[in-house]
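First up is the structure itself, then whatever we jot down about it.
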Amino acid sequence: MHNVFRLSDQRLPDQRQQSAAQLSTEVEALNAARDIVGRIRATLNDADGDKRQLFKVLSSVSRSGLLGISVPSDHCGADIANAILAEVIALVAESAVELGECLKSHFQVIEALRLFASQGQHSVYFSHALAGEQFALASYGEPEHHEPSTWPHLTADRTGFRLPPSTVSIAGGFWDWIAVPAIDPKGQHVLTLLARDTEGLAFRPVVDSLPQDQQPDVWMDIADIHIPADNLIPLTIGSLELSIWASLSHLLNSSIDLGIAKSAFADVCEHHRKAKGEDMSARVIVGQLAARIEGASAMLERAGQKLDIAQVSASADSALQASLSANTAAILAKDAAIAAKTTLAGISKSRGGDLTSRHTTQTQAETYPLNDEIHQLNSVELGGFHIDEKPPSAWPFGSR
């Protein structure tokens, strides 16, 4: 078991002892994200593209204050608009999709806390986020696809519960808190929050051929461990809150794809700038890609606005409108990513495979195949609404 390691032995300096900046405006959040992008590019340039150094940037993310920008204002957070949150993730994902995934997972957990946690839990966990601590949403099997029928069942313990042995995957990086889905003794769907130094947790790479600090995802093996009662976050199935959480998940997935599309598009444009004697067809292709990306960006902004409304004034209609817009944004962003990556791949093939995107890594290519099942699910959700008048699934883990 040489590839099994304790998180306490393989991690960044303890973020609890670091001083995180307090961001209070959307401009500050975007400036912090751009600073992180600069650090990502400097890290990759210094390491000649070696991704082993990339996750060290997470230490800067922690200190930047970005991990607290979605915390509600009544808990001293910036509580920025969802469109800006999506833009922050897209900016980071354009340079390093792995770090974009880490941010997406973090903000999913923060939203779950906002929607479902108690006031006491808000005070505790939001303060951790504002201090620069990172949360991660664990998944069973493929990310965003999991039926709760296979979630582990908690058993009652003297001062809380016990989580039976299980294995989950987490977006690669380093974490302070891991949210693991489970079923409590009453049959309620819950998230169990595990501190990174909890005894009984072991971590190993998903892809054995990659070093641990280059992993797109990491397996976490959970022994039979105790869970304090205050570490459980109940998920109310069928609620407006769950639909809102699902919409945020779709929006953040869209942000990742938009970042991928912009990265590939930049490389396509760079190639054509250097090419000699090209006809008008190249301009047509680039123009069409630009229109796809701009359309996806506009839809992300619209979906973010709809989600803002649903969060402030939750109703059946506002939750439905947010869901429809978020699913639409997911489809358009994925379409843009597929078109840009396909165009870049065609250029690379015509040049004998010697064109490599500056920011698109092998890990990224493997994690985001062109025939994406999530893309199909978003399409099915929208088609089902327009044909059968069936609202999209209010479920953040995929279609139920």
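All figures in this text were calculated on a predicted structure; none of them were measured in a lab.
Between the CD1 atom of Ile222 and the CG atom of Leu194 there is a distance of 6.0 Å, given to the nearest 0.5 Å. Distance check: Ile69 CD1 to His106 NE2 gives 8.0 Å after rounding to the nearest 0.5 Å. If you take CD1 on Ile338 and CD1 on Ile260, they are separated by 10.5 Å, rounding to the nearest 0.5 Å. The structure places CG of Leu58 at 10.0 Å from CH2 of Trp175, a figure rounded to the nearest 0.5 Å. Note that CD1 of Ile110 is 8.5 Å distant from CG of Leu130, once rounded to the nearest 0.5 Å. Taking CG from Leu344 and NZ from Lys341, the interatomic distance works out to 10.0 Å, rounded to the nearest 0.5 Å.
A side-chain donor-acceptor contact under 3.5 Å links Ser249 and Gln108. For Thr328 and Ser325, the side-chain atoms include no donor-acceptor pair closer than 3.5 Å. For the residue pair Thr43/Arg39, the side-chain donor-acceptor check at 3.5 Å is not satisfied. The closest side-chain donor-acceptor pair between Ser24 and Glu28 falls under 3.5 angstrom. A donor and an acceptor atom, one from each side chain of Gln311 and Asn82, are located under 3.5 Å apart. Donor-acceptor pairing under 3.5 Å is recorded for the side chains of Asp221 and Thr167. Under the 3.5 Å distance criterion, with hydrogens and angles disregarded, a donor-acceptor pair is assigned to the side chains of His226 and Thr159.
A donor-acceptor pair under 3.5 Å links the side-chain atoms of Tyr140 to the main chain of Pro181, judged by distance alone. Of the possible donor and acceptor atoms, one in the side chain of Asp184 sits under 3.5 Å from a partner among the backbone N and O of Gly187. Not one N or O on the side chain of Ser95 forms a donor-acceptor pair closer than 3.5 Å with the backbone of Val92. No donor-acceptor pair closer than 3.5 Å links the side chain of Glu26 to the backbone N or O of Ile84. Counting only distance, with no hydrogens or angles, the side chain of Thr343 and the backbone of Ala339 share a donor-acceptor pair below 3.5 Å. Listed for the Gln188 side chain is a donor-acceptor partner under 3.5 Å among the backbone atoms of Leu235. Remark: side-chain polar atoms of Ser105 are not paired, donor with acceptor, to backbone N or O of Cys102 under 3.5 angstrom.
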(request) Take Glu111 and Ser70 through the side chain to side chain contact (heavy atoms under 4.5 Å, CB included) test and state the conclusion after the steps. (result) CA-CA 8 Å; Glu111 179 68 0; Ser70 66; over 6 Å; no
(message) Evaluate Gln321 against Ile309 for side chain to side chain contact (heavy atoms under 4.5 Å, CB included), listing each step before the verdict.
(response) CA-CA 9 Å; Gln321 294 305 316; Ile309 295 172; over 6 Å; no
(request) Any chance you could lay out the side chain to side chain contact (heavy atoms under 4.5 Å, CB included) test for Leu232 and Leu191, step after step, and finish with the verdict? (result) CA-CA 6 Å; Leu232 261 60; Leu191 293 179; over 6 Å; no
(request) Go through the steps for Phe116 and Ser239 under the test side chain to side chain contact (heavy atoms under 4.5 Å, CB included), then give the verdict. (result) CA-CA 10 Å; Phe116 301 106; Ser239 65; 4.1 Å; yes
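The hydrophobic cluster containing Phe203 also contains Ile225, counting ILVMFWY residues as joined when their side-chain heavy atoms lie under 4.5 angstrom apart, directly or transitively. Cluster annotation: Val27 is not connected to Val37 through the hydrophobic network of ILVMFWY side chains, with a link wherever side-chain heavy atoms come within less than 4.5 Å. Leu242 and Leu240 sit in two unconnected hydrophobic clusters of ILVMFWY residues. Membership requires side-chain heavy atoms under 4.5 Å apart, directly or through other members.
Exactly one of Asp257, Asn378, Leu377 qualifies for a side-chain contact (heavy atoms from CB on, under 4.5 Å) with Ile331. That residue is Asn378. Here the options are Asp267, Ile285, Val268, the test is side-chain contact (heavy atoms from CB on, under 4.5 Å), and the partner is Ile347; only Val268 passes. The residue from Asp35, Leu85, Val88 that alone fulfils the side-chain contact (heavy atoms from CB on, under 4.5 Å) condition with Leu66 is Val88.
Between Asp79 and Ser73, the closest heavy-atom pair is CB-N, 3.6 Å. Between Ala326 and Ser254, the shortest heavy-atom distance links the atoms O-OG, 4.1 Å. The heavy-atom pair separating Pro164 from Pro152 by the smallest distance is CG-CB, 3.7 Å. Of all the heavy atoms in Ser323 and Ser243, the pair that sits closest is CB-OG, 4.4 Å. Across every non-hydrogen atom of Ile233 and Ala112, the tightest pair is CG2-O, 4.2 Å. Considering every non-hydrogen atom in both Ala329 and Ala303, the closest pair reads CB-CB, 4.2 Å.
Within the 4.5 Å cutoff, no side-chain heavy atoms of Pro185 are placed close to those of His153. In this structure, Ile89 and Phe107 have side chains that are in contact, with non-hydrogen atoms separated by less than 4.5 Å. In this structure, Leu300 and Leu332 have side chains that are not in contact, with every pair of non-hydrogen atoms separated by 4.5 Å or more. The side-chain heavy atoms of Leu67 and Glu133, taken from C-beta on, include no pair separated by under 4.5 Å. Residues Phe161 and Thr192 are not in side-chain contact: their nearest non-hydrogen atoms beyond the backbone lie 4.5 Å or more apart. Looking at heavy atoms from C-beta onward, Ser297 lies in side-chain contact with Leu258 at the 4.5 angstrom threshold. In this structure the side chain of Cys269 never reaches within 4.5 angstrom of the side chain of His272, judged on heavy atoms. Residues Leu252 and Leu248 have side chains in contact (heavy-atom distance under 4.5 Å, counting atoms from C-beta outward).
Using a 4.0 Å cut-off between charged side-chain N and carboxylate O, Glu270 and Arg273 make no salt bridge. A salt bridge links Arg162 with Asp224: the distance from a Lys NZ or Arg NE/NH1/NH2 to an Asp or Glu carboxylate oxygen falls below 4.0 Å.
Note on ring orientation: taking the six-membered ring where Trp is involved, the planes of Phe126 and His122 are parallel (angle under 30°, cut-offs 30° and 60°). Between Phe135 and Trp177, the ring-plane angle classifies as parallel under the 30° and 60° cut-offs.
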